[in-house]
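Each ligand, and each atom within it, is numbered from 1 in the order the structure gives. Only this structure's heavy atoms are used, side chains among them; waters, hydrogens and symmetry mates stay out.
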Amino acid sequence: MRQTAERLRLTGKRISVVPTMGYLHEGHLSLIRIAKKKSDVTITTLFVNPTQFGPNEDFSHYPRSFERDLSLAHSAGTDYLFAPEASQMYPTGYSTYVNVEGVADVLEGKSRPGHFRGVATVVTKLLNLTKPHVAVFGQKDAQQVAVIRRLVRDLNIDVEVLVVPIVREPDGLAMSSRNTYLNAEQRRQATVLYQALVLAEQRIKQGVRECSKIIDEMKSLITANSSGQIDYISIADNNSLQELAALQLRQSVLVSLAVKFGTTRLIDNIVLLV
Ligand code: PAF
């Protein structure tokens with residue numbers, strides 16, 4: 001992969017990369033389409049990265065379908081699909097990890113210890129392997145984007161990070177490979193996540209400034225309309241990701257949540273300007 005990328009660079013091509021864990025859906029395809037517009041050559045990476053899954057998480061049953069991904073990535077316009085094996089990415093004796101501090105320690109980082117160490121490590125490796133000018137990520141994983149931006153800045157990595165809006169199902173559910181785990185009833189109930197985010201948006205527009213009040217209303221909506229178990233609901237500064245007690249005018253805030261339906265943990269978010 002590195003030799004191919006180097007050859008492309010030497011012929012003056014602008015390279016984009018779309019890192020994925022596969023089981024592609026419309027959200028991923030929108031990243032690939034935008035990557036294609038921003039470059040001459042688009043590389044999609046497909047790697048279910050073991051180091052970003054906790055011991056009790058879904059690494060072994062994460063959905064995988066190489067042929068399907070190959071054809072979808074191709075139809076969206078990708079030029080290369082880079083799908084390494086875990087033994088190639090992490091050969092015996094592998095011992096180097098990338099730790100982003102601060103922004104990786106809250107929210108998802110708190111609920112999933114070690115997750116962002118795995119993400120930061122594999123993204124660093126994928127950037128070194130594909131040598132892109134631009135790397136495209138989805139806003140769905142808002143904290144991942146913040147971690148990658150910090151990583152790129154702190155390690156002086158020469159790449160532009162491009163973030164693409166969340167793609168939603170017609171009923172508002174954010175697209176995710178993990179939605180395939182939901183049974184019909186859980187799938188129906190999962191629409192409450194986006195409804196809770198819209199409720200937060202409405203309350204903020206109506207002038208509510210006390211974050212705990214908004215979060216309580218979101219909690220009530222979720223518990224009244226689903227059997228989902230709330231992991232967290234957060235209203236944080238969109239840059240530092242530090243939780244806020246009260247909102248300031250013209251502040252950019254990230255309203256985010258993680259809710260479990262059975263064993264399936266879903267996340268979603270919305271960015272708002274107060
Ligand atoms: O967002 C994902 O699918 C993964 O976290 C990523 C960025 C491909 C790293 O494994």
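Ring planes of H61 and Y181: perpendicular class, angle over 60° (limits at 30 and 60°). Between Y97 and Y94, the ring-plane angle classifies as perpendicular under the 30° and 60° cut-offs.
Enumerated by chain and number, the residues approaching ligand 1 to less than 4.0 Å through a heavy atom are P19, T20, M21, N49, Q52, V122, D141, Q144.
Here D171 pairs with R187 in a salt bridge; the nearest charged N to carboxylate O distance falls below 4.0 Å. A salt bridge links D268 to R168: at least one charged side-chain nitrogen sits closer than 4.0 Å to a carboxylate oxygen. Ion pairing of E26 with R33 is present here, as a side-chain N (NZ or NE/NH1/NH2) and a carboxylate O approach within less than 4.0 Å. Using a cutoff of 4.0 Å between basic side-chain nitrogens and carboxylate oxygens, E6 and R9 are not scored as salt-bridged.
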